[in-house]
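Below is one structure, written out as C-alpha coordinates; the observations come after it.
None of these values were measured; they are calculated from a predicted model.
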Amino acid sequence: MAEVRPLMNPKLLEAAIKGDEQVLTEMLGLEEGHGGQVNVMINAVPVIEQHNHLQSATFMGNTVLHVLCSNDHDALASKICNKDTSLLKARNKMLETPLHCAVKGGCTRNVSTLLKFGAEAMVRGRNCHGETALHEAARHHHKGVVDELMIVDPELAYEFDNYGVSALEVALARGNNEMVEKLSDQSIKSRICSSRPDRRNCMENTGDF
(Lines give C-alpha, C1' and ligand atoms only; values in the text may rest on other atoms or scores of the structure.)
Protein backbone atom coordinates (compact mmCIF):
# COMPACT_ATOMS: atom_id res chain seq x y z
CA MET A 1 0.00 0.00 0.00
CA ALA A 2 1.20 3.52 -0.82
CA GLU A 3 2.19 5.60 2.20
CA VAL A 4 0.25 8.70 3.13
CA ARG A 5 2.61 11.59 2.43
CA PRO A 6 2.29 15.38 2.45
CA LEU A 7 1.28 16.81 -0.92
CA MET A 8 4.22 17.87 -3.06
CA ASN A 9 4.86 21.56 -3.61
CA PRO A 10 4.08 22.44 -7.28
CA LYS A 11 7.43 24.23 -7.57
CA LEU A 12 9.22 21.07 -6.46
CA LEU A 13 7.24 18.93 -8.89
CA GLU A 14 8.05 21.24 -11.80
CA ALA A 15 11.74 21.24 -10.85
CA ALA A 16 11.81 17.43 -10.66
CA ILE A 17 10.17 17.09 -14.10
CA LYS A 18 12.56 19.58 -15.68
CA GLY A 19 15.61 18.43 -13.73
CA ASP A 20 16.20 21.90 -12.29
CA GLU A 21 19.19 21.24 -10.06
CA GLN A 22 19.28 24.68 -8.44
CA VAL A 23 15.67 24.58 -7.24
CA LEU A 24 15.95 20.97 -6.07
CA THR A 25 19.17 21.74 -4.22
CA GLU A 26 17.59 24.69 -2.43
CA MET A 27 14.31 22.98 -1.56
CA LEU A 28 15.73 19.60 -0.57
CA GLY A 29 19.08 20.60 0.90
CA LEU A 30 21.08 18.55 -1.59
CA GLU A 31 24.83 18.90 -1.62
CA GLU A 32 26.04 21.06 -4.46
CA GLY A 33 29.69 20.59 -5.17
CA HIS A 34 32.34 20.50 -7.83
CA GLY A 35 35.82 19.06 -7.69
CA GLY A 36 35.26 17.58 -4.25
CA GLN A 37 34.13 20.88 -2.73
CA VAL A 38 30.64 21.24 -1.26
CA ASN A 39 28.97 24.64 -1.48
CA VAL A 40 26.48 25.82 1.13
CA MET A 41 23.24 27.09 -0.37
CA ILE A 42 22.58 30.51 1.15
CA ASN A 43 18.95 30.55 -0.01
CA ALA A 44 18.18 27.01 1.10
CA VAL A 45 14.90 26.49 2.94
CA PRO A 46 14.90 25.47 6.65
CA VAL A 47 15.91 21.87 7.39
CA ILE A 48 12.43 20.86 8.60
CA GLU A 49 10.92 22.10 5.33
CA GLN A 50 13.59 20.26 3.34
CA HIS A 51 12.63 17.04 5.12
CA ASN A 52 8.92 17.61 4.45
CA HIS A 53 9.59 18.31 0.77
CA LEU A 54 11.72 15.18 0.50
CA GLN A 55 8.97 13.03 2.01
CA SER A 56 6.17 14.60 -0.03
CA ALA A 57 4.36 13.04 -2.98
CA THR A 58 2.06 13.99 -5.83
CA PHE A 59 -1.66 13.20 -5.84
CA MET A 60 -0.77 9.85 -7.46
CA GLY A 61 1.73 9.13 -4.71
CA ASN A 62 4.91 9.80 -6.69
CA THR A 63 7.84 11.02 -4.62
CA VAL A 64 10.51 13.31 -6.05
CA LEU A 65 12.58 10.18 -6.75
CA HIS A 66 9.72 8.62 -8.76
CA VAL A 67 9.46 11.82 -10.82
CA LEU A 68 13.19 12.11 -11.44
CA CYS A 69 13.40 8.47 -12.50
CA SER A 70 10.42 8.87 -14.83
CA ASN A 71 12.22 11.73 -16.56
CA ASP A 72 15.71 10.19 -16.75
CA HIS A 73 17.45 12.66 -14.45
CA ASP A 74 20.07 10.19 -13.31
CA ALA A 75 22.51 12.55 -11.58
CA LEU A 76 19.76 14.16 -9.52
CA ALA A 77 18.26 10.77 -8.64
CA SER A 78 21.70 9.79 -7.37
CA LYS A 79 21.79 12.87 -5.11
CA ILE A 80 18.35 12.05 -3.72
CA CYS A 81 19.40 8.47 -2.97
CA ASN A 82 22.55 9.74 -1.32
CA LYS A 83 20.41 11.89 0.98
CA ASP A 84 17.63 9.38 1.73
CA THR A 85 17.76 5.77 0.50
CA SER A 86 14.38 5.04 2.12
CA LEU A 87 12.75 6.59 -0.97
CA LEU A 88 13.91 3.57 -2.97
CA LYS A 89 11.13 1.63 -1.23
CA ALA A 90 8.46 4.29 -1.69
CA ARG A 91 5.29 3.21 -3.53
CA ASN A 92 2.88 5.34 -5.50
CA LYS A 93 -0.85 4.60 -5.82
CA MET A 94 -0.08 2.03 -8.53
CA LEU A 95 2.34 0.42 -6.04
CA GLU A 96 5.23 1.27 -8.32
CA THR A 97 8.67 1.87 -6.84
CA PRO A 98 11.13 4.37 -8.36
CA LEU A 99 12.78 1.34 -9.98
CA HIS A 100 9.57 0.59 -11.92
CA CYS A 101 9.58 4.20 -13.16
CA ALA A 102 13.25 4.13 -14.17
CA VAL A 103 12.77 0.84 -16.03
CA LYS A 104 9.77 2.14 -17.98
CA GLY A 105 11.89 5.08 -19.10
CA GLY A 106 14.53 2.68 -20.38
CA CYS A 107 17.50 4.57 -18.94
CA THR A 108 20.05 1.86 -18.12
CA ARG A 109 22.29 4.30 -16.26
CA ASN A 110 19.40 5.40 -14.05
CA VAL A 111 18.50 1.79 -13.23
CA SER A 112 22.15 1.04 -12.47
CA THR A 113 22.27 4.01 -10.09
CA LEU A 114 19.22 2.83 -8.15
CA LEU A 115 20.61 -0.70 -7.89
CA LYS A 116 23.91 0.67 -6.61
CA PHE A 117 22.12 2.52 -3.81
CA GLY A 118 20.17 -0.54 -2.68
CA ALA A 119 17.27 -1.07 -5.08
CA GLU A 120 18.57 -4.62 -5.59
CA ALA A 121 16.32 -5.48 -2.65
CA MET A 122 13.36 -4.13 -4.65
CA VAL A 123 13.78 -6.00 -7.94
CA ARG A 124 10.96 -8.34 -6.92
CA GLY A 125 8.78 -5.44 -5.84
CA ARG A 126 5.38 -5.64 -7.55
CA ASN A 127 2.99 -2.99 -8.78
CA CYS A 128 -0.80 -3.24 -8.44
CA HIS A 129 -0.86 -5.75 -11.31
CA GLY A 130 1.74 -7.93 -9.62
CA GLU A 131 4.37 -6.97 -12.18
CA THR A 132 8.06 -6.70 -11.36
CA ALA A 133 10.36 -4.17 -13.00
CA LEU A 134 11.43 -6.91 -15.42
CA HIS A 135 7.86 -7.19 -16.76
CA GLU A 136 8.13 -3.49 -17.68
CA ALA A 137 11.55 -3.93 -19.26
CA ALA A 138 10.32 -6.85 -21.38
CA ARG A 139 7.17 -4.97 -22.40
CA HIS A 140 9.10 -1.91 -23.56
CA HIS A 141 12.00 -3.83 -25.16
CA HIS A 142 14.69 -2.24 -22.97
CA LYS A 143 17.56 -4.68 -23.48
CA GLY A 144 20.17 -2.86 -21.41
CA VAL A 145 17.78 -2.64 -18.48
CA VAL A 146 17.01 -6.35 -18.75
CA ASP A 147 20.73 -7.08 -18.45
CA GLU A 148 20.98 -4.99 -15.28
CA LEU A 149 18.00 -6.67 -13.63
CA MET A 150 18.88 -10.19 -14.66
CA ILE A 151 22.40 -9.91 -13.24
CA VAL A 152 20.82 -9.10 -9.90
CA ASP A 153 18.10 -11.77 -10.05
CA PRO A 154 18.05 -14.04 -13.14
CA GLU A 155 15.05 -15.98 -11.87
CA LEU A 156 12.91 -12.86 -12.31
CA ALA A 157 12.11 -14.03 -15.83
CA TYR A 158 9.83 -16.71 -14.36
CA GLU A 159 8.05 -14.58 -11.74
CA PHE A 160 4.31 -14.37 -12.44
CA ASP A 161 2.11 -11.29 -12.20
CA ASN A 162 -1.47 -11.33 -10.85
CA TYR A 163 -2.66 -12.85 -14.13
CA GLY A 164 -0.14 -15.68 -14.21
CA VAL A 165 2.09 -14.06 -16.82
CA SER A 166 5.89 -13.97 -16.52
CA ALA A 167 8.28 -11.44 -18.05
CA LEU A 168 9.46 -14.17 -20.41
CA GLU A 169 5.88 -14.67 -21.59
CA VAL A 170 5.49 -10.91 -22.08
CA ALA A 171 8.47 -10.99 -24.45
CA LEU A 172 7.05 -14.06 -26.22
CA ALA A 173 3.64 -12.42 -26.65
CA ARG A 174 5.30 -9.38 -28.23
CA GLY A 175 7.21 -11.54 -30.68
CA ASN A 176 10.53 -10.23 -29.42
CA ASN A 177 12.70 -13.28 -30.04
CA GLU A 178 15.90 -11.45 -29.11
CA MET A 179 14.45 -10.54 -25.72
CA VAL A 180 13.19 -14.10 -25.17
CA GLU A 181 16.67 -15.43 -25.91
CA LYS A 182 18.28 -12.92 -23.57
CA LEU A 183 15.94 -13.76 -20.68
CA SER A 184 16.40 -17.49 -21.21
CA ASP A 185 20.20 -17.29 -21.52
CA GLN A 186 20.56 -15.26 -18.33
CA SER A 187 18.52 -17.81 -16.41
CA ILE A 188 20.76 -20.62 -17.67
CA LYS A 189 23.83 -18.63 -16.64
CA SER A 190 22.30 -18.20 -13.19
CA ARG A 191 22.10 -21.94 -12.70
CA ILE A 192 25.75 -22.32 -13.78
CA CYS A 193 26.97 -19.52 -11.50
CA SER A 194 24.67 -20.15 -8.52
CA SER A 195 27.30 -22.00 -6.51
CA ARG A 196 30.06 -19.49 -7.22
CA PRO A 197 30.97 -16.98 -4.46
CA ASP A 198 31.56 -14.36 -7.19
CA ARG A 199 28.16 -14.98 -8.81
CA ARG A 200 27.78 -11.42 -10.16
CA ASN A 201 31.18 -11.51 -11.92
CA CYS A 202 30.39 -14.99 -13.19
CA MET A 203 27.07 -13.75 -14.62
CA GLU A 204 28.76 -10.80 -16.33
CA ASN A 205 31.64 -12.80 -17.79
CA THR A 206 30.03 -16.06 -18.85
CA GLY A 207 29.80 -16.13 -22.63
CA ASP A 208 26.66 -16.46 -24.71
CA PHE A 209 25.20 -19.95 -25.11
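Side chains of L168 and Y158 form a contact here, defined as non-hydrogen atoms less than 4.5 Å apart.
Scanning all heavy atoms of the two residues, the minimum distance from V146 to A137 falls at CG2-CB, 3.7 Å. Of all the heavy atoms in L183 and A171, the pair that sits closest is CD1-CB, 4.1 Å. Pairing each heavy atom of V23 with each of A15, the nearest pair is CG1-CB, 3.6 Å. Pairing each heavy atom of V103 with each of A133, the nearest pair is CG1-O, 3.2 Å. Between M8 and T63, the shortest heavy-atom contact is CE-C, 3.6 Å. Taking every heavy atom of both residues into account, A138 and A167 meet most closely at CB-O, 3.6 Å.
Residues in residues 56-67 take part in no salt bridge (charged side-chain N to carboxylate O under 4.0 Å, His left out) pair, two or more places apart or across chains. For residues 91-138, the set of pairs meeting the ring-ring contact (aromatic ring centres under 6.0 Å, His included) definition, not counting sequence neighbours, is empty.
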Query raised in the report: Does the side chain to side chain contact (heavy atoms under 4.5 Å, CB included) test come out yes or no for E136 and R139, once each step is laid out?
Result: CA-CA 5 Å; E136 294 286 6; R139 177 175 296 112; 3.3 Å; yes

Query raised in the report: Can you check side chain to side chain contact (heavy atoms under 4.5 Å, CB included) on M94 and C128, steps first, answer last?
Result: CA-CA 5 Å; M94 298 293 289; C128 62; 3.5 Å; yes

Report task. Please test S56 against L12 for side chain to side chain contact (heavy atoms under 4.5 Å, CB included), starting from the C-alpha separation and ending with a verdict. Result -> CA-CA 10 Å; S56 67; L12 178 60; 3.9 Å; yes

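A chain of hydrophobic side-chain contacts below 4.5 Å, direct or via other Ile, Leu, Val, Met, Phe, Trp or Tyr residues, connects L68 to L87. One hydrophobic cluster, built from ILVMFWY side chains closer than 4.5 Å, holds both M179 and V145. Transitive grouping of hydrophobic side chains (ILVMFWY, heavy atoms separated by less than 4.5 Å) brings L76 and L115 into a common cluster. Put simply, L172 and M150 are part of the same group of oily side chains (I, L, V, M, F, W, Y) that touch within less than 4.5 Å, one to the next. When the side chains of ILVMFWY residues are joined at heavy-atom separations under 4.5 Å, either directly or via intervening members, V64 and L13 end up in a single hydrophobic cluster.
Remark: side-chain polar atoms of R5 are not paired, donor with acceptor, to backbone N or O of A57 under 3.5 angstrom. N62 places no side-chain N or O within donor-acceptor distance of the main-chain N or O of H66, the cut-off being under 3.5 Å. A distance-only check finds no donor-acceptor pair linking the side chain of N82 to the backbone of S78 [under 3.5 Å]. No side-chain donor-acceptor contact under 3.5 Å links S112 to the backbone of R109. Proximity of a side-chain donor or acceptor of H73 to a complementary backbone N or O of I17 within less than 3.5 Å is detected.
Atom CG of residue N110 and atom CG of residue D72 lie 6.0 Å apart, to the nearest 0.5 angstrom. Note: D74 CG to T113 OG1 = 3.5 Å, rounded to the nearest 0.5 Å. Taken from CD in E21 to CD in E26, the straight-line distance is 11.0 Å, to the nearest 0.5 Å. Interatomic distance, K18 NZ to N71 CG, rounded to the nearest 0.5 Å: 12.0 Å. To the nearest 0.5 Å, atoms OG1 (T132) and CG (D161) are separated by 8.5 Å. Taking CG of D84 as the start and CG of L54 as the end, the distance is 5.0 Å to the nearest 0.5 Å.
Ionic pairing of K11 and E14 is not present here: no N-O contact between side-chain nitrogen and carboxylate oxygen is shorter than 4.0 angstrom. The residues R124 and E159 are annotated as salt-bridged, a charged nitrogen and a carboxylate oxygen being separated by less than 4.0 angstrom. Note on E178 versus K182: no salt bridge recorded, every NZ/NE/NH1/NH2 to OD/OE distance being 4.0 Å or above.
For the side chain to side chain contact (heavy atoms under 4.5 Å, CB included) with L88, the qualifying choice from I80, L99, L65 is L65, the only one to do so. In summary, of the residues considered (R91, R126, K89, K104), a salt bridge (charged side-chain N to carboxylate O under 4.0 Å, His left out) with E96 occurs for K104 alone.
One side chain, E169 or S166, offers a donor N or O that lies under 3.5 Å from an acceptor on the other.
By the neighbour-count criterion of 12 heavy atoms within 6.0 Å, atom NE2 of H51 is sparsely surrounded, having that number or fewer from other residues, nucleotides or ligands.
Alongside F59, the hydrophobic cluster contains M60 (criterion: ILVMFWY side chains under 4.5 Å).
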